[in-house]
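All remarks here apply to the structure that follows.
Throughout, protein chains are lettered first and strands after them, A, B, ... in sequence-line order, and every chain is numbered starting at 1. The figures here come from the full heavy-atom set of this structure, side chains too, leaving out hydrogens, waters and symmetry mates.
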Amino acid sequence: MEKPVRVRYAPSPTGPQHLGGVRTALYNFLFAKKHKGTFIIRIEDTDQTRFVEGAENYMLESLKWCGITHNEGPGIGGDYGPYKQSERKHLYRQYADQLIESGYAYYAFDTPEELEAMRERMKASGIPNPQYGAATRDYMKNSLVLPHDEVKTKLANGEQFVIRMKMPRKEEIKLQDLIRGWVVFQSSQLDDKVLFKSDGMPTYHLANVVDDYLMKITHVIRGEEWLPSAPLHVMLYKYLGWEDVMPHFAHLPLILRPDGNGKLSKRDGDRLGFPVFPLNWTDPETKENSIGFRERGFFPEAFANMIALLGWHPGSVQQELFSMEEMIQLFTIEHIGKSGAKFDFEKAKWFNHEYMKKADSKILAAEFKKVLTEKRITDSDEHIVAICESLKQRCTFISEFWDNSFYFFTEPTVYDDQVVKKKWNEKTKAIMKELSASLAAQTDFSFSALDTFLHSFVKEKNLNTGDVLPVLRIMLSGTKNGPAVYELASLLGKEKSIERMAKAEAEFDKMISV
RNA sequence: GGAGCGUUGGUCAAGGGGUUAAGACACCUCCCUUUCACGGAGGAAUCACGGGUUCGAUUCCCGUACGCUCUACCA
């Protein structure tokens with residue numbers, strides 16, 4: 001009988017959460033939901049020096065925005081709390097002590113200077129990257145080489161110490177990664193990692209393993225950057241006697257920068273002009289602002305969809321648009337890719353546009369109304385909804401709405417002079433007068449009615465569409481881009497259309513006379 | 001330098017011993033619209049390279065190259 005699935009997302013509050021973090025959280029969440037399990041958030045704040053004000057809150061808010069909700073963790077608690085490592089401080093020492101007693105760990109008293117000296121010495125003798133490990137520990141100041149009495153005295157005197165793992169000299173460490181298959185490491189390549197720091201806090205390695213054990217985590221789904229330290233974690237489970245409840249591991253591929261190589265960073269976003277953080281972030285130190293996907297105008301559903309597909313695809317189905325519910329149904333770790341994915345902002349925009357097209361115009365209108373209100377523009381809800389219905393076909397973000405629809409709300413003051421200079425003459429002037437008159441007689445101002453009306457007008461008078469429609473467009477909106485002319489006129493309404501035609505006529509005359 | 005991981009079109013990717021190697025984004029051409037966008041029809045890859053295994057490899061194995069990650073009393 002399989003254990004109930006319990007997974008966790010365990011970020012460090014050292015700065016704003018970025019895309020990769022959100023994706024890791026999302027995959028954990030999807031996996032948990034898929035298996036009707038539990039998704040836990042645990043704050044790994046064992047490094048007091050790197051703590052950043054507001055980072056934890058930011059992370060929580062980002063996930064909430066994306067629709068990623070946790071079952072246990074900050075804000076909601078749970079049976080395995082507390083969920084912040086700084087509040088679990090008292091828990092870790094006993095396990096480090098257990099390791100020392102069973103001979104798998106030891107006290108080390110070396111000062112940073114002594115460590116540096118050792119590294120320099122080793123480098124000088126031709127070893128490019130010296131490690132504190134099987135080859136060097138016999139020459140350092142630790143409980144393995146110091147006499148028992150001296151160790152006791154040092155501890156009694158309150159001398160600073162760390163607790164280090166004693167890596168076996170020659171052992172093969174195997175682990176089965178759910179994404180990569182069997183991965184083998186030689187213990188001789190691994191060093192004696194610090195498990196417990198001199199400040200009384202555990203390092204990531206110890207705290208992580210202890211907490212995963214205590215919280216009954218069944219699957220560890222985390223970034224690929226952890227793969228090299230995974231064997232250490234496996235050893236820890238073994239030495240602590242928890243081998244039979246060791247979780248399964250899945251190391252996620254990285255999200256790469258769009259150009260060149262390497263991990264996506266804030267710099268890339270700044271350089272290429274797109275967000276790399278889910279929400280706006282202001283650095284508490286430098287006061288530097290970074291824009292978030294949310295503020296850039298992304299819909300949370302589109303963002304989650306986009307991020308999920310950066311490294312995962314359910315296969316078989318030929319589909320890219322998935323609701324959270326669909327992703328939960330389809331999610332499997334087996335379908336996570338092995339190689340890093342380059343982030344492509346163009347594709348991200350495409351996702352948003354797709355969600356835009358599917359969005360309810362009433363909801364869009366409610367959002368757009370805020371923009372209009374700021375500009376002191378009032379209009380009927382039905383009219384705004386109708387305009388949004390047209391706008392969502394051509395805009396990726398609501399922030400683009402105004403630039404693509406201002407002429408519905410304000411009279412044009414500038415007219416595209418290229419078109420005017422090219423098309424405006426006595427003949428077209430006469431035609432437009434005539435068109436205005438027949439428009440005034442039109443009773444049905446719907447899209448389809450106007451469409452047929454306009455085309456039959458051109459046909460009956462034996463004119464060229466190109467001499468009429470573009471001119472009418474400029475008369476009505478001032479710009480040459482926008483929806484189809486019949487749509488434009490219909491949305492504007494009969495009265496305004498005719499008014500604007502009259503005004504434009506006078507303006508056009510002025511324009512060509514200069 | 002060492003260890004680990006990775007490598008299907010510019011990008012995301014499906015597929016996995018025998019296929020005309022899906023689809024999407026971007027790009028180009030054309031159609032629609034005498035507008036932009038949407039929409040539609042096309043264009044472009046021999047699956048990093050070299051060896052094996054096999055009747056047959058993009059798919060399995062081994063090398064090489066390249067890339068990435070890690071190599072802290074950071075996570």
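- The side chain of A/Ala341 lies closest to B/rA13, out of B/rC74, B/rA13, B/rG4.
- Between the side chains of A/Tyr83 and A/Asp211, no donor N or O sits under 3.5 Å from an acceptor N or O.
- Here the nucleotide nearest the side chain of A/Lys342, chosen from B/rU11, B/rC25, B/rU69, is B/rU11.
- B/rG1 is paired with B/rU71 under the criterion used here, namely a Watson-Crick or G-U wobble arrangement in which both key atom distances are under 3.5 Å.
- Here, B/rA48 and B/rA14 have their P atoms 15 Å apart, quoted to the whole Å.
- A/Phe303 and A/Phe298 have perpendicular rings, their planes meeting at more than 60° on a 0 to 90° scale where under 30° would count as parallel.
- Within 4.0 Å (heavy atoms only), A/Pro483 reaches at least one base atom of the nucleic acid.
- Taking the charged nitrogens against the carboxylate oxygens, A/Asp191 and A/Lys193 do have a contact shorter than 4.0 Å, which makes a salt bridge.
- Nearest to the side chain of A/Asp47, among B/rC38, B/rU35, B/rA75, sits B/rA75.
- Contact annotation for A/Lys480: base contact, defined as any heavy-atom pair under 4.0 Å involving a base atom.
- Remark: the backbone N or O of A/Phe322 is paired with a side-chain donor or acceptor of A/Asn305 at under 3.5 angstrom.
- Contacts of A/Ser229 with the nucleic acid, taken as non-hydrogen atoms under 4.0 Å apart, are absent.
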Tabulated below should be each protein N or O lying under 3.5 Å from an N or O of nucleotides 39-48 of chain B; please produce it.
residue	atom	partner	partner atom	Å
B/rG39	OP1	A/Lys357	NZ	3.2

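- Listed candidates were B/rA75, B/rA3, B/rC25. Nearest to the side chain of A/Gln189 is B/rA3.
- Looking at the side chain of A/His353, the nearest of the listed nucleotides B/rG15, B/rC38, B/rU7 is B/rC38.
- Across all strands shown, B/rU46 forms no Watson-Crick or G-U wobble pair with both distances under 3.5 Å.
- Closest to the side chain of A/Glu320, out of B/rC38, B/rC5, B/rC12, is B/rC12.
- With B/rC73, B/rC36, B/rC25 as the candidates, the nucleotide lying closest to the side chain of A/Asp344 is B/rC25.
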Heteroatom pairs (N/O) under 3.5 angstrom, protein to nucleotides 27-34 of chain B:
residue	atom	partner	partner atom	Å
B/rU34	N3	A/Gly466	N	3.4
B/rU34	O4	A/Gly466	N	2.5

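- In the model, A/His335 has no side-chain atom that pairs as donor or acceptor with a side-chain atom of A/His313 under 3.5 Å.
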